[in-house]
> 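Have a look at the structure that comes next, please.
For the single chain, residues carry numbers from 1 onward in sequence order. In what follows, every heavy atom counts, from backbone to side chain, and hydrogens, waters and symmetry copies are set aside.
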Amino acid sequence: QVHLEESGGGSVEVGESLRLSCAPSASTYTHYCVAWFRQAPGKEREWVAYMYTGSGATDFTASVKGRFAVSRDAARNTLYLQMNSLYPDDSGMYYCAAAVQISPSCSSRSSGYHYWGQGTQVTVSS
């Protein structure tokens, strides 16, 4: 069982930045996919980004490429989603998700993840 502790949401204006944190509880696992999804009111949950911790490889949905980055502090067992140049369309509840797996092929579908954080709200105002 993996518990994910999320933090870092908030309210910002267009063009500003936020950094979300995701800390998996089970540090004994060394290979897993950690992803962020977001959901705006009335919309479906959409994949934003993921990292495969075994290699550090990352990928992002097209709308955030060049603006968002994922990094990992192995000593703190924490992953970060750095969000820059935020737009109102980036607003929503952001969820961290994890899947323990050896394969480096992370999923961009929510069904591919077994563990979920509680979510943190991001609001970008114009």
> Should the pair F37 and W116 be assigned to parallel (<30°), tilted (30 to 60°) or perpendicular (>60°) ring geometry?
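Taking W116 first and then F37, their aromatic rings sit tilted (interplane angle of 30° to 60°).
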> CG of L86 to OG of S125: how many Å apart, nearest 0.5 Å?
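Nearest 0.5 Å value for the CG-OG distance: 10.5 Å.
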> If you define the side chain from C-beta out and look only at heavy atoms, does anything of K65 sit under 4.5 Å from D59?
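When only atoms from C-beta onward are counted, D59 and K65 do touch, with a gap below 4.5 Å.
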> Could you see if L20 belongs to whatever hydrophobic cluster contains V34? Use Ile, Leu, Val, Met, Phe, Trp, Tyr and a side-chain cutoff under 4.5 Å.
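Yes.
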> Can you check side-chain contact (heavy atoms from CB on, under 4.5 Å) on Y87 and R67, steps first, answer last?
CA-CA 10 Å; Y87 302 136; R67 300 188 295 122; 3.7 Å; yes
> Can you confirm whether E13 is buried at CD, in the sense that more than 12 heavy atoms of other residues, nucleotides or ligands lie under 6.0 Å from that atom?
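No, the 6.0 Å shell around CD holds no more than 12 heavy atoms from other groups.
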> Between the side chain of S91 and the main-chain N/O of T123, is any donor-acceptor distance below 3.5 Å?
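No, because the side chain of S91 does not come within donor-acceptor range (under 3.5 Å) of the backbone of T123.
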> Is it the case that one hydrophobic cluster holds both Y80 and V64, taking links as side-chain heavy atoms less than 4.5 Å apart, direct or via other members?
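Different hydrophobic clusters.
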> About how many Å separate CD of Q82 and CZ of R19, when rounded to the nearest 0.5 Å?
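Reported to 0.5 Å precision, the distance equals 7.0 Å.
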> Test: disulfide bond (SG atoms under 2.5 Å apart). Region: residues 79-116. Which pairs qualify, not counting sequence neighbours?
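Applying disulfide bond (SG atoms under 2.5 Å apart) to every pair that reaches into residues 79-116, excluding sequence neighbours, yields C22-C96, C33-C106.
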> For the OG atom of S21 and the CG atom of L4, what is their distance to the nearest 0.5 Å?
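If we round to the nearest 0.5 Å, S21:OG and L4:CG are 12.5 Å apart.
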> Is there a path of hydrophobic side-chain contacts, each under 4.5 Å between heavy atoms of I, L, V, M, F, W or Y residues, that connects V12 with L81?
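Shared cluster, yes.
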> If you look at every heavy atom in S103 and Q101, which pair is closest and at what distance?
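Taking S103 first and Q101 second, the nearest heavy atoms are O-NE2, 2.8 Å.
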> Let me check something: do Y52 and L79 share a hydrophobic cluster, defined by ILVMFWY side-chain heavy atoms less than 4.5 Å apart, either directly or through other members?
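Y52 and L79: separate clusters.
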> Any non-hydrogen side-chain atom of P88 less than 4.5 Å from a side-chain atom of V14?
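SC-SC contact between P88 and V14 confirmed.
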> If hydrophobic clusters are built from ILVMFWY residues whose side chains come within less than 4.5 Å, do V48 and M83 share one?
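Yes, because V48 and M83 connect within a single hydrophobic cluster, where side-chain heavy atoms sit under 4.5 Å apart.
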> Say you draw a straight line from OG of S108 to OH of Y50; how long is it, rounded to the nearest 0.5 Å?
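Reported value, rounded in 0.5 Å steps: 6.5 Å.
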> How long is the straight-line distance from CZ of F68 back to OG1 of T61, given to the nearest 0.5 Å?
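Spacing of OG1 (T61) from CZ (F68) equals 10.0 Å.
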> With side-chain contact (heavy atoms from CB on, under 4.5 Å) as the test, would you mind laying out the steps for Q118 and E5 before giving the verdict?
CA-CA 7 Å; Q118 78 278 12; E5 188 66 35; 3.9 Å; yes
> Return yes if some donor-acceptor pair links the side-chain N/O of T53 with the main-chain N/O of Y32 below 3.5 Å, else return no.
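A pair under 3.5 Å: yes.
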> Output yes when a side-chain donor or acceptor of N77 lies under 3.5 Å from a complementary backbone atom of P24, and no otherwise.
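Yes, N77 side chain to P24 backbone: donor-acceptor pair under 3.5 Å.
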> Checking E46 now: which residues fulfil salt bridge (charged side-chain N to carboxylate O under 4.0 Å, His left out) with it, not counting sequence neighbours?
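Partners of E46 by the salt bridge (charged side-chain N to carboxylate O under 4.0 Å, His left out) criterion, ordered by chain and then number, come out as R38.
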> Say you draw a straight line from CH2 of W36 to OH of Y113; how long is it, rounded to the nearest 0.5 Å?
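Rounded to the nearest 0.5 Å, the CH2-OH separation comes to 11.0 Å.
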> Give me the atom names and distance for the closest heavy-atom approach of N84 to S17.
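Smallest interatomic distance, heavy atoms only, reads OD1-OG, 2.9 Å.
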> Can you list the steps and then say if T78 with D73 is a side-chain hydrogen bond (donor to acceptor under 3.5 Å, both in side chains)?
CA-CA 5 Å; T78 300; D73 184 337; over 6 Å; no
